[in-house]
Undergrad: 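Once you've had a glance at the structure underneath, I'll fire off some questions.
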There are 2 protein chains.
Amino acid sequence: MSADSTARQSAHAASEGETPDPRIEALVTDLIGRVADKWTMILLDLLEERGEMRFTQIARAVPGISQKMLTQTLRRMERDGMVCRTVHAVVPPRVDYRLTGLGQSLGEAFCGVWLWAERNLDHVEQARRAFDER
Amino acid sequence: MSADSTARQSAHAASEGETPDPRIEALVTDLIGRVADKWTMILLDLLEERGEMRFTQIARAVPGISQKMLTQTLRRMERDGMVCRTVHAVVPPRVDYRLTGLGQSLGEAFCGVWLWAERNLDHVEQARRAFDER
DNA sequence: AATTATACTTACCCAAAGGAGAGTATTGCG
DNA sequence: CGCAATACTCTCCTTTGGGTAAGTATAATT
């Protein structure tokens, strides 16, 4: 989808009395699409609670992730202004990653979703079982 | 990754003094992976502000989506206990969708992310431009 | 001289996501 | 009779996601 010029209705803007500009809506939808990705959420959460970390440290803390996905996700987050990358010109290279203010604010926004997931895990599993045996 | 048996560090549990059970962590991560999907977020937001809607009504309100993705996402949300599907046995079929309590609570949790996106759109675009011209 | 450590990049490949479009069942209406 | 409306489902096809493995640069260590 990406550059979707067609208008989308209202969303939050309408329910809060702001301008329901369809172009802004499209951009927000697009931004959500980029940001609402599993690895981004996990890295955001990790960096939020652990502060500054280096590449391999992150890799070890997130077992499921491949090197490729880690670099890719970190790069995209850096491009979007959510993480700050610091390269130290030392013998075995050393690179530190930490959240920017923007990254922290997104991390806080996602925090609600993490808490929801923790709280409603059983509820969802139960709903699934009920649905499946029908 | 899905069923990832390896332990993941703490996440929110640690930063809030709860039990840092790696199995729960894995489940939460998995749940996040399922729920943090673009269409799910959009439908959640839409149904939260518009209440009960029928299939084509939703389709019209979310221009980028294909019929396939709409049915698929709604089915998954229904299975996860987030939406309630009501079929009216009438001549041209009529099906209504509305959020359950669980769905509403997730919608509220995601609300923070929508607001963040609305607020930080410019910030992100600016960061991207700065990053790209380097 | 070979090995190690770090933070990557590149190439190749497979599987899953997702779009387009046609098909289906039902019944009232012209 | 045949068409329209609704809410799908099914098939085919392209795109993207993501894994694995190998390669790279550099200086300290053995």
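The figures that follow rest on heavy atoms only: side chains count, while hydrogens, waters and symmetry mates do not. Residue numbers start from 1 in every chain, and the chains themselves are labelled A, B, ... in the order their sequence lines are given, proteins ahead of strands. Being a predicted model, the structure only gives us computed values, none of them experimental.
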Undergrad: Where the side chain of A/T71 is defined as all heavy atoms beyond and including C-beta, which of D/dA7, C/dT9, C/dG19 is the nearest nucleotide?
TA: C/dT9
Undergrad: Does the side chain of B/R75 get closer than 4.0 angstrom to OP1 or OP2 of D/dC8 through an N or O atom?
TA: yes
Undergrad: Under 4.0 Å, heavy atom to any atom of DNA chain D: which of residues 51-59 of chain B qualify?
TA: B/R54, B/F55, B/T56
Undergrad: By the definition side-chain contact (heavy atoms from CB on, under 4.5 Å), identify the one residue from B/I65, B/L43, B/I42 that meets it with B/I58.
TA: B/L43
Undergrad: Before accepting this row, confirm whether a basic side-chain N of the pair A/D96/A/R94 lies closer than 4.0 Å to the acidic partner's carboxylate O.
TA: yes
Undergrad: If I take atom CD from residue A/E49 and atom SG from residue A/C111, how far apart are they, to the nearest 0.5 angstrom?
TA: 10.0 Å
Undergrad: Protein-nucleotides 12-17 of chain C N/O pairs closer than 3.5 Å?
TA:
none

Undergrad: Distance-only, no hydrogens or angles: does the B/S66 side chain make a donor-acceptor pair with backbone N or O of B/M69 under 3.5 Å?
TA: yes
Undergrad: Hey, what do you get for CH2 (B/W39) to CD1 (A/I32), rounding to the nearest 0.5 Å?
TA: 12.5 Å
Undergrad: Do the rings of A/F55 and A/Y97 sit parallel, tilted or perpendicular, given the 30° and 60° boundaries?
TA: tilted
Undergrad: If a protein heavy atom is under 4.0 Å from the base, mark B; if only from the sugar-phosphate, S; if neither, -; do that for nucleotides 23-30 of chain D going 5' to 3'.
TA: ---BS---
Undergrad: Before accepting this row, confirm whether a basic side-chain N of the pair A/R34/A/D80 lies closer than 4.0 Å to the acidic partner's carboxylate O.
TA: no
